[in-house]
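Structure, as structure tokens:
One-based numbering, in listed order, for ligands and for the atoms of each.
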Amino acid sequence: MTGGTLPEVVWDVVTRSGFVVVANRMPVDEVSPATTPSPAAVAAGSAALRPLPASGREWRRSPGGLVTALHPVLVARGGTWVGWAGGVGEPPEPFELEGVRLHPVRLDSVDLERYYEGQSNASIWPLYHDAVETPVYRRRWRESYREVNARFAAAAAEVAAPGATVWVQDYQLQLVPAMLREQRPDLRIGFFLHIPFPPIELFMQLPGRAEVLNGLLGADLIGFQQKLAAQNFVRLARHLLGLRYRGQTVKVEHREVKAGAFPISIDVAEMEQLAANPAVQARAKQIRAELGDPVTVVLGVDRLDYTKGIELRLKAFRELLAEGRLAVPDTVMVQVATPSRERVEHYQTLRIRVEREVGRINGEFGRVGVPAVHYLHQSYSRTELAALYCAADVMMVTPLRDGMNLVAKEYVAARADTGGALVLSEFAGAATELRQAFLCNPYDPEAVKETLLRAVHVPPPEAARRIRAMQRHLRSHDVDQWARNFLAELGS
Ligand code: GDG
């Protein structure tokens with residue numbers, strides 16, 4: 001920003017909100033006016049662009065369930081979203097987009113490397129996912145995590161009106177609740193963890209574990225995806241800090257901290273509408289034609305992450321081809337692996353392993369013009385994703401551990417035609433709700449293979465019964481209800 005009078009911006013900085021969301025990332029992407037939109041922005045869909053008079057920078061709202069769910073609440077309550085705007089340059093001044101105030105927090109390249117890629121994504125992320133990759137711990141990452149969490153807490157303290165409700169999101173910001181409470185004891189503070197919360201034995205590995213636990217205990221309500229995670233949490237509070245709990249409520253000095261399960265969901269109506277759109281239906285047909293009109297299309301859609309079980313899924317497919325129980329070109333697989341956390345070493349080695357497996361399968365079982373696996377290391381628009389869901393006979397969601405897994409829910413919601421079968425890992429949070437999926441243990445290769453075959457050969461009436469039952473569940477458990485339940489429990 002240059003000097004001079006900036007009445008709009010200054011007004012924004014001092015305006016306080018009765019409802020504040022704090023998340024690592026703000027729900028917007030910057031669009032550079034001088035260039036064409038970035039692939040991320042293209043993947044984000046067609047949200048309106050709003051030039052900013054004060055800074056000349058342009059932003060668009062990024063899509064996603066969380067934003068969709070919280071947007072109406074933020075608009076109704078004149079809320080503010082505190083988060084990182086992306087990029088390491090000078091952050092924009094606070095601004096307003098589509099009725100929501102956005103309050104950017106600065107991250108520089110060292111913060112990104114230590115707080116985000118290091119402590120958040122190379123220490124906490126693998127540890128909380130059953131240590132399926134070995135967590136890496138570094139003291140300087142932890143220090144940076146503390147510093148950045150303090151920055152987010154200070155920003156939230158600045159924008160929250162007296163007695164406001166502040167809702168902190170996810171594993172990057174676990175110290176924020178306590179830091180915020182210290183500065184602003186008048187606030188109602190909620191925290192939601194989108195990823196699993198590990199059992200005591202695993203959590204005890206974490207250097208600085210008491211600081212993290214105390215950080216979370218600064219909240220009035222801590223939401224988890226699963227009941228088991230909430231139980232892990234209250235037991236940990238007793239084990240590590242000697243705190244007493246009754247049911248899911250922990251006594252912390254003179255306060256009570258509630259833990260509870262609030263399984264997140266998707267905007268079901270939006271996915272249903274998208275999938276019903278004739279252009280999407282036509283695109284689904286075209287995708288099948290481009291794949292050579294196979295009898296069976298098997299689909300995977302994931303961020304390229306080692307928790308998602310992409311390798312084990314490919315291996316199951318390869319073995320079924322090798323055993324002659326599936327054959328190309330009758331059956332083909334499409335695997336979308338959206339680029340993710342590419343500077344973290346675990347992710348670089350995963351990419352190499354996945355691509356080697358795809359190469360091996362196509363080398364052994366593909367034909368000229370007919371690969372066995374169509375591997376797409378790219379981001380797609382919501383529309384293209386919906387078309388892929390509609391084109392797939394079998395959707396494979398096989399994480400080794402996953403807080404929820406929204407892809408599983410999106411696939412079910414997209415199949416209003418009641419076609420399609422969902423193979424789902426028992427270790428995805430979604431398995432607790434989507435009981436009519438073809439559930440499997442992803443650690444057991446034979447079980448994955450058998451389950452995939454059952455899904456491939458399911459009689460259409462049975463497939464329809466299963467999908468319909470899951471759709472009924474989703475319609476009454478969508479993301480809007482998730483947000484309302486959490487905020488009601490928080491008492492705000
Ligand atoms: C974390 C937890 C929990 C994927 N590729 C593209 C794309 N996606 C969208 C999917 C889905 C979302 O990204 C992924 O959500 P998941 O739930 O599957 O997984 P995580 O990213 O790991 O999310 C998870 C979630 O938080 C919410 O609490 O469920 O357990 O790990 O919506 O559709 N979207 C677009 N292009 C792509 O290429 N536009």
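Within ligand 1, the atoms closer than 4.0 Å to a non-hydrogen atom of E410 are 10 (C), 11 (C), 32 (O), 33 (O), numbered from 1 in the order shown. Near V407, the atoms of ligand 1 lying under 4.0 angstrom from a non-hydrogen atom of the residue are 10 (C), 18 (O). The atoms of ligand 1 that sit less than 4.0 Å from any heavy atom of R303 are 20 (P), 21 (O), 22 (O). Short contacts between ligand 1 and Q225, defined as distances under 4.0 Å to a heavy atom of the residue, involve ligand atoms 3 (C), 28 (O). Every atom of ligand 1 with a heavy atom of Y389 under 4.0 Å away is listed here by number and element: 33 (O).
In this structure, Y128 and F203 have tilted ring planes: the angle between them lies in the 30° to 60° band. Using cut-offs of 30° and 60° for the angle between ring planes, the Y115 and Y145 rings count as tilted. In this structure, F486 and F192 have perpendicular ring planes: the angle between them is above 60°, well past the 30° mark. Aromatic ring orientation, Y116 versus W84: tilted (interplanar angle from 30° to 60°).
In the model, Q335 has a side-chain atom that pairs as donor or acceptor with a side-chain atom of D302 under 3.5 Å. Between the side chains of S144 and R114, no donor-acceptor pair of N or O atoms lies under 3.5 Å. Counted by atom type alone, R283 and Q286 present one or more donor-acceptor pairs between their side chains at under 3.5 Å.
Contacts of D302 with ligand 1, taken as heavy-atom pairs under 4.0 Å, are absent altogether. Residue contacts with ligand 1, taken as heavy atom pairs separated by less than 4.0 Å, involve T338 solely via side-chain atoms from C-beta onward. Neither the backbone nor the side chain of Y128 comes within contact range of ligand 1; no heavy atom lies under 4.0 Å. When heavy-atom distances to ligand 1 are checked against a 4.0 Å cut-off, I264 comes that close only through its side chain, counted from C-beta outward. Contact annotation: for F192 versus ligand 1, there are no heavy atoms closer than 4.0 Å.
Between S381 and ligand 1, no pair of N/O atoms sits closer than 3.5 Å. The N/O atoms of S379, backbone and side chain alike, include none that comes under 3.5 Å of an N/O atom in ligand 1. The shortest N or O to N or O distance between G403 and ligand 1 is below 3.5 Å.
Ligand 1 lies nowhere less than 4.0 angstrom from a heavy atom belonging to Y171.
Evaluated for a salt bridge (charged side-chain N to carboxylate O under 4.0 Å, His left out) with E433, the options K227, K409, R472 yield exactly one hit, K409.
Around the NZ atom of K449, the shell of radius 6.0 Å holds more than 12 heavy atoms that belong to other residues, nucleotides or ligands.
The option with the heavy atom closest to atom 17 (O) of ligand 1, from among I266, L406, L385, is L406. Within the set K308, M404, H194, the minimum heavy-atom distance to atom 20 (P) of ligand 1 is found for K308.
Side-chain contact between W141 and V136 is present, with at least one heavy-atom pair separated by less than 4.5 Å.
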